[in-house]
Amino acid sequence: MNNKGGKVAVVTGAAKGIGQAIVRRLAEDGADIAIADIADTSETQALVRKTGRRVVFKHCNTSSEENTKAFAEFVMKEYGRCDILVNNAGIYPFVTFDDMTFDQWRQVMSVNLDGTFLMCKAIVPIMRKQKYGRIANLASAQCFYVASNSLHYIASKMGVIGLTRALATEVADDNITVNALAPGITNTGTVRKDAGEYLTSLPELQAIHRPGDPKDMANIVSFLTSDDVAFMTGQTLVNDGGWARL
Ligand SMILES: NC(=O)c1ccc[n+]([C@@H]2O[C@H](COP(=O)([O-])OP(=O)(O)OC[C@H]3O[C@@H](n4cnc5c(N)ncnc54)[C@H](O)[C@@H]3O)[C@@H](O)[C@H]2O)c1
């Protein structure tokens with residue numbers, strides 16, 4: 001299912017967590033992988049090699065235009081094509097509005113929203129030439145329910161949803177679809193470290209009383225980046241155990 005043989009997938013923020021699970025799933029689907037991250041991705045690369053697929057990595061801060069342009073050139077040099085882009089890199093520091101500084105606001109906007117824009121700017125021209133592309137952007141289910149201490153984060157992820165809707169319109173004629181995934185609370189190392197209490201409190205509000213697993217998110221990204229998603233674009237799918245209902 002979701003066969004991606006012969007396709008090349010770029011995934012950002014794949015050193016760990018949801019991004020790592022996405023890379024593993026897309027490789028299992030048959031795609032060759034290019035990882036953009038600021039951290040060491042050797043663990044993720046090893047997972048790809050186990051599937052028999054090819055993987056390349058280049059250090060890339062997705063909020064730097066210089067870095068994202070260089071990354072797109074790197075992908076073309078290595079693979080000569082790019083069919084799938086998953087904008088997963090993101091940060092979610094928790095801070096109240098009263099304590100939030102403008103620097104903190106800018107930092108979250110710069111990684112979560114500027115980073116998504118810049119990667120699309122770098123990769124979409126390649127997809128346009130190929131007349132094929134599948135883009136999946138990571139938003140958050142926090143956009144759809146009451147959540148505290150995340151004003152900059154929720155604003156940035158609403159921006160990702162807006163970017164997804166607007167870009168979908170602009171690239172549709174070149175057979176490129178753009179959709180977003182909004183995960184609910186998901187059991188990653190960063191969540192365990194920074195917000196472990198949410199892993200038990202939030203699932204109580206869901207229909208399915210457990211936190212998401214990174215694999216749950218990877219399964220939906222596998223679908224969003226498949227050939228099956230040829231007529232659905234500009235959408236945001238919520239994958240949160242059935243709390244938010246759109
Ligand atoms: N975990 C959750 O509960 C949850 C819920 C909703 C949405 N999300 C979203 O899913 C995505 C992944 O979340 P996660 O929990 O796996 O995060 P994580 O902290 O486990 O991993 C984030 C990855 O992004 C990389 N990264 C950070 N800044 C970067 C930059 N400037 N350039 C390139 N790479 C960068 C990190 O090195 C890391 O590999 C994020 O966009 C997050 O907002 C997560």
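Read the numbers this way: they start at 1 and go in the same order the structure lists the ligands and their atoms. Numbers for residues simply follow the sequence, beginning at 1.
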Original post:
Pick one: which of Thr51, Leu47, Val48, Thr41 meets side chain to side chain contact (heavy atoms under 4.5 Å, CB included) with Ile33?
Top reply: Val48
**OP:** Tell me which protein heavy atom sits closest to atom 40 (C) of ligand 1, plus the residue, atom name and distance to 0.1 Å.
**Re:** Asn88 O, 3.2 Å
Original post:
Same cluster for Tyr153 and Val95 if Ile/Leu/Val/Met/Phe/Trp/Tyr side chains link at under 4.5 Å?
Top reply: no
Subject >> atom 36 (C) of ligand 1: the protein heavy-atom neighbour that sits closest, reported with distance to 0.1 Å >> reply: Asp37 OD1, 3.6 Å
Original post:
Is any N or O atom of Tyr153, backbone or side chain, closer than 3.5 Å to an N or O atom of ligand 1?
Top reply: yes
**OP:** Just jot down the ligand 1 atoms closer than 4.0 angstrom to any heavy atom of Ala15, in number order.
**Re:** 39 (O)
**OP:** Decide yes or no for Leu181 and Asn137: does some side-chain heavy atom of the first lie under 4.5 Å from some side-chain heavy atom of the second?
**Re:** no
**OP:** May I ask you to check whether Phe94 and Tyr198 place their ring centers less than 6.0 Å from one another?
**Re:** yes
Subject >> Side chain to side chain, Arg134 and Ser226, heavy atoms closer than 4.5 Å >> reply: no
**OP:** Among all protein heavy atoms, pick out the one at the shortest distance from atom 44 (C) of ligand 1; state its residue, atom name and that distance to 0.1 Å.
**Re:** Ile18 CD1, 3.7 Å
Original post:
Is any side-chain heavy atom of Gln20 closer than 4.5 Å to a side-chain heavy atom of Glu43?
Top reply: yes
Original post:
So is Leu138 polar-close to ligand 1, meaning N/O to N/O under 3.5 Å?
Top reply: no
Subject >> Euclidean distance, Asn187 CG relative to Met217 CE, rounded to 0.5 Å >> reply: 10.5 Å
Subject >> For atom 23 (C) of ligand 1, the option (of Gly13, Gly184, Cys143) bearing the nearest heavy atom >> reply: Gly13
Subject >> Axial cation check for Tyr145 ring with Arg245, 6.0 Å and 45° limits >> reply: no
**OP:** Flag the pair Asp114 and Arg106 as a salt bridge only when some basic side-chain nitrogen lies within less than 4.0 angstrom of an acidic carboxylate oxygen.
**Re:** yes
**OP:** Around atom 6 (C) of ligand 1, find the nearest protein heavy atom and jot down its residue, atom name and distance.
**Re:** Pro183 O, 3.3 Å
Original post:
Do Asp173 and Arg128 sit within salt-bridge range, that is, some charged N less than 4.0 Å from a carboxylate O?
Top reply: no
Original post:
Just heavy atoms, cut-off under 4.0 Å: does Lys157 contact ligand 1 by side chain, backbone, both, or neither?
Top reply: side chain
Original post:
Are Lys121 and Lys69 close enough, and set up right, to give a side-chain contact (heavy atoms from CB on, under 4.5 Å), and what steps lead you there?
Top reply: CA-CA 8 Å; Lys121 280 294 281 182; Lys69 279 183 173 167; over 6 Å; no
Original post:
Which atoms of ligand 1 have any heavy atom of Ala39 under 4.0 Å away?
Top reply: 37 (O)
**OP:** Please work out which of Ala141, Gly19, Gly115, Gly90 has its closest non-hydrogen atom nearest to atom 22 (C) of ligand 1.
**Re:** Gly90
**OP:** Taking the side chain as every heavy atom from C-beta outward, state whether Cys60 and Thr12 have any pair of such atoms under 4.5 Å apart.
**Re:** no
Original post:
Can Met217 be said to touch ligand 1, with heavy atoms closer than 4.0 Å?
Top reply: no
Original post:
Heavy-atom contacts under 4.0 Å between Cys60 and ligand 1: side chain, backbone, both, or neither?
Top reply: backbone
**OP:** Considering only non-hydrogen protein atoms, determine which one is nearest to atom 15 (O) of ligand 1 and report residue, atom name and distance to 0.1 Å.
**Re:** Tyr92 OH, 2.5 Å
**OP:** Report, in ascending order of atom number, the atoms of ligand 1 lying under 4.0 Å from any heavy atom of Val111.
**Re:** 28 (N), 31 (N)
**OP:** Give the residue, atom name and distance (to 0.1 Å) of the protein heavy atom nearest atom 20 (O) of ligand 1.
**Re:** Thr190 OG1, 3.4 Å
Original post:
In the protein, which heavy atom is nearest to atom 31 (N) of ligand 1, and how far is it?
Top reply: Asn61 OD1, 2.9 Å
Original post:
What atoms in ligand 1 come closer than 4.0 Å to a heavy atom of Val191?
Top reply: 1 (N), 2 (C), 3 (O)
Original post:
Taking only heavy atoms of Gly17, which atoms of ligand 1 are found under 4.0 Å from at least one of them?
Top reply: 16 (O), 20 (O)
**OP:** Going by the side chain to side chain contact (heavy atoms under 4.5 Å, CB included) test, name the single residue among Thr164, Leu224, Val124 that passes it with Ile135.
**Re:** Val124
Original post:
Is the closest heavy-atom distance from Thr12 to ligand 1 below 4.0 Å?
Top reply: no
**OP:** Please report which non-hydrogen protein atom sits nearest to atom 32 (N) of ligand 1, along with the residue it belongs to and the distance in Å to one decimal place.
**Re:** Thr62 N, 3.1 Å
Original post:
Under 4.0 angstrom from ligand 1, any heavy atom of Ala139?
Top reply: yes
**OP:** Report, in ascending order of atom number, the atoms of ligand 1 lying under 4.0 Å from any heavy atom of Ser140.
**Re:** 6 (C), 7 (C)
**OP:** Considering only NZ, NE, NH1 and NH2 on the basic side and carboxylate oxygens on the acidic side, decide whether Asp83 and Lys7 come within less than 4.0 Å.
**Re:** no
